[in-house]
Number of protein chains: 2
Amino acid sequence: MKTQERQLVYARQAEIIKAVAHPLRIAVMDFLRNGEQCVCDIAKYVDSEQSNVSRHLSLMVAAGVLESRKQGLKVLYKIKTPCILKCFHCITDVIRTQAQENQQLLDAI
Amino acid sequence: MKTQERQLVYARQAEIIKAVAHPLRIAVMDFLRNGEQCVCDIAKYVDSEQSNVSRHLSLMVAAGVLESRKQGLKVLYKIKTPCILKCFHCITDVIRTQAQENQQLLDAI
DNA sequence: CAACTATATGACTATTTACTCATATAGTAA
DNA sequence: TTACTATATGAGTAAATAGTCATATAGTTG
């Protein structure tokens, strides 16, 4: 792969990663793990203002991470490409590994 | 898991994800995939100013994604928890899936 | 020692992000 | 029709982020 091509890939990867690089948006991903939900229920789960949640959701749709459909008054959001969920397993692995290192350090004192 | 515990996890996950949610930092991770490198070589690879690269590297160390050691004049950086690299496979999967959908759309026109 | 190299950081600016409040819009129901 | 519900969005603010340039610091080499 050439330098320019690589940079294109890095940019697109960053777009997607940025779309989930926020506690509230991670909470959304976690909540949508089991299927689509409306904004009001998402807002309850993440415990934030409806307008704020709506903006975060729009951002995630723009990045291609979520998709939405209208059903009556409600708008239902769901994860567009569920393989992204594996990413969170990896991150959890990182946290677990680091926690274990910390534990070893603690034990050593 | 309780609400409060969940939010702690989301916050820590976000810290780590944010640390790689930037094209330059993704380039760094890609470059360090095969082992530790000094700042000057990283800067060449990512094609950015030394001072800027240094700041990005510090940020990644602070988030626990990289670690560094000094060797003579140079400071060598490496990936602290290589399991984070799997995350990029997942993201690439997402991009590939989305590209295939686009292709199907194109073909249908 | 002086000159040099590699890295980090202070100070600054520009941009982006997150959030809030108020309001607009679209659909529902009486 | 009016009242209501769910969502999106304009306008504004505060804070965080990314970048630059100049300079400080630490180690190396002659």
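A note on names: the letters A, B, ... follow the listed sequences, proteins ahead of strands, and every chain is numbered from 1.
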Exercise. Expressed in angstrom and rounded to an integer, what is the separation of A:I26 atom CD1 from C:dA18 atom P?
Worked result: 12 Å

Exercise. Can you check the A:Q37 CD to D:dA6 P distance for me, whole Å?
Worked result: 14 Å

Problem set entry | Separation between NZ of B:K78 and CG of B:N34, rounded to the nearest 0.5 Å | 14.0 Å

Problem set entry | Distance below 4.0 Å between A:K18 side-chain N/O and C:dT17 OP1 or OP2 | yes

Exercise. Would one find a side-chain N or O of B:H22 under 4.0 angstrom from OP1 or OP2 of C:dT16?
Worked result: no

Exercise. Distance check: side-chain N/O of B:H56 vs OP1/OP2 of D:dG19, anything under 4.0 Å?
Worked result: yes

Exercise. Using a cut-off of less than 4.0 Å, is there contact between a side-chain N or O of A:N52 and OP1 or OP2 of C:dA18?
Worked result: no

For this session: Tell me what B:L57 touches on the nucleic acid: a base, only sugar-phosphate, or nothing, going by heavy atoms under 4.0 Å.
Result: nothing

Exercise. Quick one: do A:L73 and A:L76 end up in the same hydrophobic cluster if we chain Ile, Leu, Val, Met, Phe, Trp and Tyr together by side-chain heavy atoms under 4.5 Å apart?
Worked result: no

Exercise. Under 4.0 Å between a side-chain N/O of A:R55 and OP1 or OP2 of D:dT7, yes or no?
Worked result: no

For this session: Name the orientation class of the two ring planes belonging to A:H22 and A:H56 (parallel below 30°, tilted from 30 to 60°, perpendicular beyond 60°).
Result: tilted

Exercise. Is any side-chain N or O of A:Y77 closer than 4.0 Å to OP1 or OP2 of D:dA6?
Worked result: no

Exercise. Taking everything shown except B:Q4 itself, do over 12 heavy atoms lie less than 6.0 Å from its CD?
Worked result: no

Exercise. Is the distance from OP1 or OP2 of C:dA26 to the nearest side-chain N or O of A:K74 less than 4.0 Å?
Worked result: no

Problem set entry | Distance-only donor-acceptor check, side chains B:N102 and B:Q98, under 3.5 Å | no

Exercise. What's the CD-C1' distance between B:E15 and D:dA16, to the nearest Å?
Worked result: 14 Å

Seminar exercise, completed: Under a 4.0 Å heavy-atom criterion, the protein footprint on nucleotides 23-30 of chain D, written with B, S and -, is ---BBS--

For this session: Could you check how far NZ of B:K44 sits from C1' of C:dA6, rounded to whole Å?
Result: 11 Å

Exercise. For B:E49 and C:dG10, what is the distance between atoms CD and P respectively, to the nearest whole Å?
Worked result: 17 Å

Seminar exercise, completed: Rounded to whole Å, the CZ-C1' distance (A:R25 to C:dT16) equals 12 Å

Exercise. Does B:K18 NZ have over 12 foreign heavy atoms under 6.0 Å away?
Worked result: no

Exercise. Between A:R12 and A:Q7, is any side-chain donor less than 3.5 angstrom from a side-chain acceptor?
Worked result: no

